[in-house]
Amino acid sequence: QVQLVESGGGLVQAGGSLRLSCAASGRTFNSFHMGWFRQAPGTEREFVARISWNGDYTDYTDSVKGRFTISRDHAKNTVYLQMNSLKTEDTAVYFCAASVQWGRATDTYKYWGQGTQVTVSL
């Protein structure tokens, strides 16, 4: 079992930055690939970014490439999502998730956090 707790969300103006954190506890964090997803009201949960278990590989959805960076700190059992140049369309609840499989689909991920709200205003 893996427990995931996100933090770092909030209200920010367009063009600003936020860093989300996802603290993991339970089973060995280092053996999991980690992903960030988001869900805006009335929409499906969508893939944002993922990082391999060893941090060697990362992958981003096109709309955040060049603006968001995913990283992980094995010593702290934490994965981060640095979000720069935020846009109003980035407004959503952001979730982190853990998987032993490498993929973008939500059903690839077995463990999920509770989510953190990110609101980007004009």
Side-chain angles (χ1 to χ4, degrees):
Q1 192 77 5
V2 175
Q3 292 79 43
L4 303 172
V5 179
E6 302 96 334
S7 61
L11 174 64
V12 63
Q13 286 190 321
S17 298
L18 282 174
R19 188 177 80 156
L20 305 183
S21 299
C22 174
S25 60
R27 290 182 59 188
T28 307
F29 170 71
N30 294 350
S31 63
F32 288 93
H33 306 306
M34 299 297 295
W36 283 99
F37 293 77
R38 64 187 180 187
Q39 188 168 20
T43 70
E44 298 278 329
R45 191 170 298 187
E46 66 172 356
F47 166 79
V48 175
R50 57 179 170 157
I51 187 167
S52 60
W53 68 272
N54 58 2
D56 284 353
Y57 300 98
T58 59
D59 179 36
Y60 301 90
T61 194
D62 285 347
S63 63
V64 308
K65 283 180 181 176
R67 300 189 299 122
F68 290 11
T69 302
I70 189 171
S71 61
R72 66 191 300 164
D73 185 333
H74 287 168
K76 296 182 178 179
N77 282 2
T78 301
V79 63
Y80 303 99
L81 186 68
Q82 178 67 43
M83 305 186 296
N84 298 329
S85 302
L86 282 161
K87 305 176 180 180
T88 55
E89 51 263 45
D90 294 318
T91 295
V93 178
Y94 283 71
F95 300 87
C96 71
S99 174
V100 295
Q101 295 179 313
W102 181 243
R104 287 187 167 198
T106 55
D107 60 8
T108 303
Y109 293 79
K110 182 175 182 179
Y111 303 104
W112 292 84
Q114 82 290 346
T116 185
Q117 176 70 47
V118 172
T119 303
V120 184
S121 64
L122 288 171

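This structure is a prediction, so every number in the text was calculated from the model and none was measured. Any value given below was found using the heavy atoms of this structure, including those in side chains, with hydrogens, waters and symmetry copies removed.
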Kindly work out whether a path of hydrophobic side-chain contacts (I/L/V/M/F/W/Y, heavy atoms less than 4.5 Å apart) joins V100 to I51. yes
Nearest-0.5 Å distance, CH2 of residue W53 to NE2 of residue H74: 7.5 Å
Roughly how far, to the nearest 0.5 Å, is NZ of K110 from CZ of F32? 8.0 Å
Assess the residue pair T106 and W112 against the criterion (side chain to side chain contact (heavy atoms under 4.5 Å, CB included)); give the C-alpha distance rounded to whole Å, side-chain angles, the decisive distance to 0.1 Å, and a yes or no. CA-CA 10 Å; T106 55; W112 292 84; 4.0 Å; yes
What distance separates Q82 CD from L18 CG, expressed to the nearest 0.5 Å? 8.5 Å
Can you get from V64 to V120 by hopping between Ile, Leu, Val, Met, Phe, Trp and Tyr side chains that sit under 4.5 Å apart? yes
dist E46:CD -> R38:CZ (nearest 0.5 Å) comes out at 4.5 Å
Which heavy atom of G16 sits nearest to which heavy atom of V12, and what is that distance? CA-CG2, 3.9 Å
Minimum heavy-atom separation for T78 and S21, please, with both atom names. CG2-CB, 4.2 Å
If hydrophobic clusters are built by linking Ile, Leu, Val, Met, Phe, Trp and Tyr wherever their side-chain heavy atoms come under 4.5 Å apart, do V93 and Y80 end up in the same one? no
Who passes side chain to side chain donor-acceptor pair (under 3.5 Å) against Y109, sequence neighbours left out? none
Can Y60 and I70 be said to form a side chain to side chain contact (heavy atoms under 4.5 Å, CB included), step by step? CA-CA 9 Å; Y60 301 90; I70 189 171; 3.4 Å; yes
Which heavy atom of A24 sits nearest a heavy atom of V2, and at what distance? CB-CG1, 4.4 Å
So how far is it from C22 SG to Y94 OH, rounded to the nearest 0.5 Å? 14.5 Å
Main-chain N/O of G55 paired with R72 side-chain donor or acceptor, under 3.5 Å: no
Distance-minimising heavy-atom pair for Q117 and A92: NE2-O, 3.4 Å
Specify the closest pair of heavy atoms between N54 and S52, including all atoms of both residues, with the distance to one decimal. OD1-OG, 2.8 Å
Kindly compute the distance separating OG (S99) from CE (M34), expressed to the nearest 0.5 Å. 9.5 Å
Should we count CD of E89 as having more than 12 external heavy atoms under 6.0 Å? yes
CA sep, side-chain torsions, deciding dist, call: E6, W36, side chain to side chain contact (heavy atoms under 4.5 Å, CB included): CA-CA 10 Å; E6 302 96 334; W36 283 99; 3.9 Å; yes
Any salt bridge between K65 and D62, counting N to O under 4.0 Å? yes
For V48 versus F68, what's the shortest heavy-atom pair and its separation? CG1-CD2, 3.8 Å
Please verify the inter-ring angle class for F47 with F37; under 30° counts as parallel, over 60° as perpendicular, anything in between as tilted. perpendicular
Does W102 form a side chain to side chain contact (heavy atoms under 4.5 Å, CB included) with R50? I'd like the steps, not just the answer. CA-CA 9 Å; W102 181 243; R50 57 179 170 157; 3.3 Å; yes
Side-chain touch R104/D59, heavy atoms, less than 4.5 angstrom: yes
